[in-house]
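Reminder, nothing fancy here: chain letters follow the sequence lines and each chain counts from 1.
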Protein chains: 2
Amino acid sequence: MKSKEKLQAAAAKLFIEKGFENTTVQEIASLAGVTERTFFRQFKDKSDVLFDTNNDLGQRVAAYITSNFDVEKKPLKLAVESFVSISEFFDNSRERVLARNQIIQSNPDLQERELLKGQVLITSISNSLSPQYDGDLSELTARFAVEIFHMAYTKWIKNAEKSLAEQLLTVYELYENLFCCLE
Amino acid sequence: MKSKEKLQAAAAKLFIEKGFENTTVQEIASLAGVTERTFFRQFKDKSDVLFDTNNDLGQRVAAYITSNFDVEKKPLKLAVESFVSISEFFDNSRERVLARNQIIQSNPDLQERELLKGQVLITSISNSLSPQYDGDLSELTARFAVEIFHMAYTKWIKNAEKSLAEQLLTVYELYENLFCCLE
DNA sequence: TTTCAGATGTCAGTTTGTGACACTATTTTA
DNA sequence: TAAAATAGTGTCACAAACTGACATCTGAAA
């Protein structure tokens, strides 16, 4: 097991046990059997250990969009479907996702960081849409898609009954109402 | 002049002169003629000195929405108009806004913090809409409205020719195209 | 085996941020 | 007006987050 993984495991354990602010990098490093200095070589700062994914989501979503493009389909619908295509991952790791979410919600700095991930998601989606649509339109679509995802994700966190895919569709329908039924 | 204001002025000066990361709290405090300790009593951390506004925007936008509610109008349109109603402030302080923006763009931590302001904006707008609409619908409208604002704001930063109000309307029209003209 | 690159340890130092306590100025209240 | 509460500050000591420089180790290629 590489030291990076050991550090991540140690951090996860300690953050859940005693909270993010109450665990020091020192402790994480000790539990992982390495030095504090090594921690900071693997992660740019303390919170980075929770956010290491290399925009995996973004890449998978973008891939879905480029390979499932269809002129007949509204771009926002396509983007939402791309989220549906990866939603199973969330349903399958509900416990882990919930634990991580709890840590993040407990600390404002972490919430800010989580928000930043939304920005890079927007960029990924916008770029994957750009070959087909006008740049501004792609960006706006990406922004709305990510908001729909955020909202569906929040509902999914709070309600264990429905799958993330169902929540995504629910919110998407809400969006359609937003436009057409309230004139 | 209260020490809080002196600290803000000193910070603004130094951040522009030497960048955010290269100026220490120590230096800010010295220039303001106070102690480092009193800096941290006024601001919860170093970046807080740039973000002290008490959600002024949110309050004004929410006020506009509650007092200009109209069943005939789509909620998102109303929300965008509420942004238009405060856009003059940006046009009138373009230089200051640009300077602040430049500082924020130079540092990832600051960008994250700026994003958090978007979240509290969403909450303000969502709450001001809730008396009239379903909760989920209010939230989605608020999220979209803030995205429209973000995008318009970005365009306004990059292009000195158009007012923020014009940019807001441009992006709103884009949104209407997004829905109806691409079936 | 030798060599070389990459990962880790060591250590000293800067910076951020906090707690505790003392002092001063301003405002309240008797 | 005088006494007393209160808010704002300074000082000091300290924990924790990070960084740079340099030494050391380890594993794989030559």
Side-chain angles (χ1 to χ4, degrees), chain A residues 1-54 100 103-117, chain B residues 1-54 100 103-117:
Chain A
M1 202 171 177
K2 303 287 183 194
S3 62
K4 185 164 187 171
E5 299 161 31
K6 283 194 284 190
L7 284 164
Q8 285 172 323
K13 187 166 185 291
L14 292 175
F15 287 167
I16 290 175
E17 271 178 28
K18 7 189 303 180
F20 178 79
E21 316 197 17
N22 299 324
T23 102
T24 70
V25 173
Q26 176 65 254
E27 293 172 307
I28 299 172
S30 295
L31 183 56
V34 297
T35 308
E36 203 182 340
R37 193 67 185 83
T38 295
F39 179 97
F40 284 111
R41 272 195 273 252
Q42 303 289 345
F43 305 103
K44 76 177 221 294
D45 58 39
K46 183 179 165 185
S47 42
D48 200 36
V49 71
L50 279 168
F51 297 91
D52 88 304
T53 63
N54 297 330
R100 181 173 173 284
I103 297 170
I104 291 175
Q105 293 311 317
S106 77
N107 181 288
D109 287 353
L110 299 179
Q111 290 170 43
E112 293 176 10
R113 191 99 167 225
E114 181 80 336
L115 255 25
L116 195 62
K117 270 186 25 187
Chain B
M1 203 171 178
K2 303 289 181 192
S3 62
K4 184 164 187 171
E5 298 161 32
K6 283 193 286 191
L7 283 164
Q8 285 172 323
K13 187 166 186 291
L14 293 175
F15 288 166
I16 290 175
E17 271 177 29
K18 7 189 307 181
F20 178 80
E21 315 198 15
N22 299 323
T23 103
T24 70
V25 174
Q26 176 64 256
E27 294 171 308
I28 299 172
S30 294
L31 183 56
V34 297
T35 309
E36 203 182 341
R37 192 67 185 84
T38 115
F39 179 97
F40 285 113
R41 273 195 273 251
Q42 303 289 345
F43 305 103
K44 76 179 221 294
D45 57 41
K46 185 178 164 184
S47 43
D48 199 37
V49 71
L50 280 168
F51 296 92
D52 90 304
T53 65
N54 299 328
R100 181 172 173 284
I103 297 169
I104 290 176
Q105 293 310 319
S106 76
N107 180 288
D109 287 352
L110 300 180
Q111 291 171 41
E112 295 175 9
R113 191 96 168 229
E114 180 80 336
L115 253 27
L116 194 62
K117 270 186 23 186

Contact class for T38(A) vs. all strands (heavy atom < 4.0 Å): base, sugar-phosphate, or nothing? sugar-phosphate
Name every residue in residues 3-18 of chain A that has at least one heavy atom under 4.0 Å from any atom of DNA chain C, in order of residue number, or write none if there are no such residues. S3(A)
I'd like a table of donor-acceptor pairs (distance under 3.5 Å, sequence neighbours excluded) in which one partner is a side-chain atom from residues 4-14 of chain A, with atom names and distances.
residue, atom, partner, partner atom, Å
Q8(A), NE2, D52(A), OD1, 3.4
Q8(A), NE2, D52(A), OD2, 3.2
K13(A), NZ, E17(A), OE2, 2.9

Which pairs with one or both residues in residues 6-29 of chain A pass ring-ring contact (aromatic ring centres under 6.0 Å, His included), sequence neighbours excluded? F15(A)-F20(A)
For the helix from dT1(C)-dA30(D) to dA30(C)-dT1(D), how many degrees between its two end axes (five pairs per end), to the nearest 10°? 10°
dA15(D) P sits how many Å from N22(A) CG, rounded? 16 Å
Between T24(B) and E27(B) (side chain of the first, backbone of the second, donor and acceptor by atom type, cut-off under 3.5 Å), is there such a pair? yes
How close or far is atom P of dA17(D) from atom CG of D109(B), stated in whole angstroms? 15 Å
What is the minimum heavy-atom distance between V49(B) and F39(B), and which atoms define it? CB-CZ, 4.2 Å
S3(A) and Q42(A) have their tightest heavy-atom pair at OG-NE2, 3.5 Å
Side-chain donor or acceptor of S30(B) paired with backbone N/O of Q26(B) under 3.5 Å: yes
I need a per-nucleotide contact map over nucleotides 16-27 of chain C, read 5' to 3'. Cutoff is protein heavy atoms under 4.0 Å; write B for the base, S for backbone only, - otherwise. BBBBB-------
Does D45(B) have any side chain to side chain donor-acceptor pair (under 3.5 Å) partners at least two apart in sequence or in another chain, and if so, which? S47(B), R113(B)
So which atom in D109(A) and which in N107(A) form the shortest heavy-atom distance, rounded to 0.1 Å? N-OD1, 2.8 Å
Would you say a side-chain N or O of Q42(A) is under 4.0 Å from OP1 or OP2 of dA7(C)? no
Check this for me, if you would: do E112(A) and K117(A) make a salt bridge, where the nitrogen-to-carboxylate-oxygen distance has to be below 4.0 angstrom? no
With a 4.5 Å cut-off on side-chain heavy atoms, are R100(A) and E114(A) touching? yes
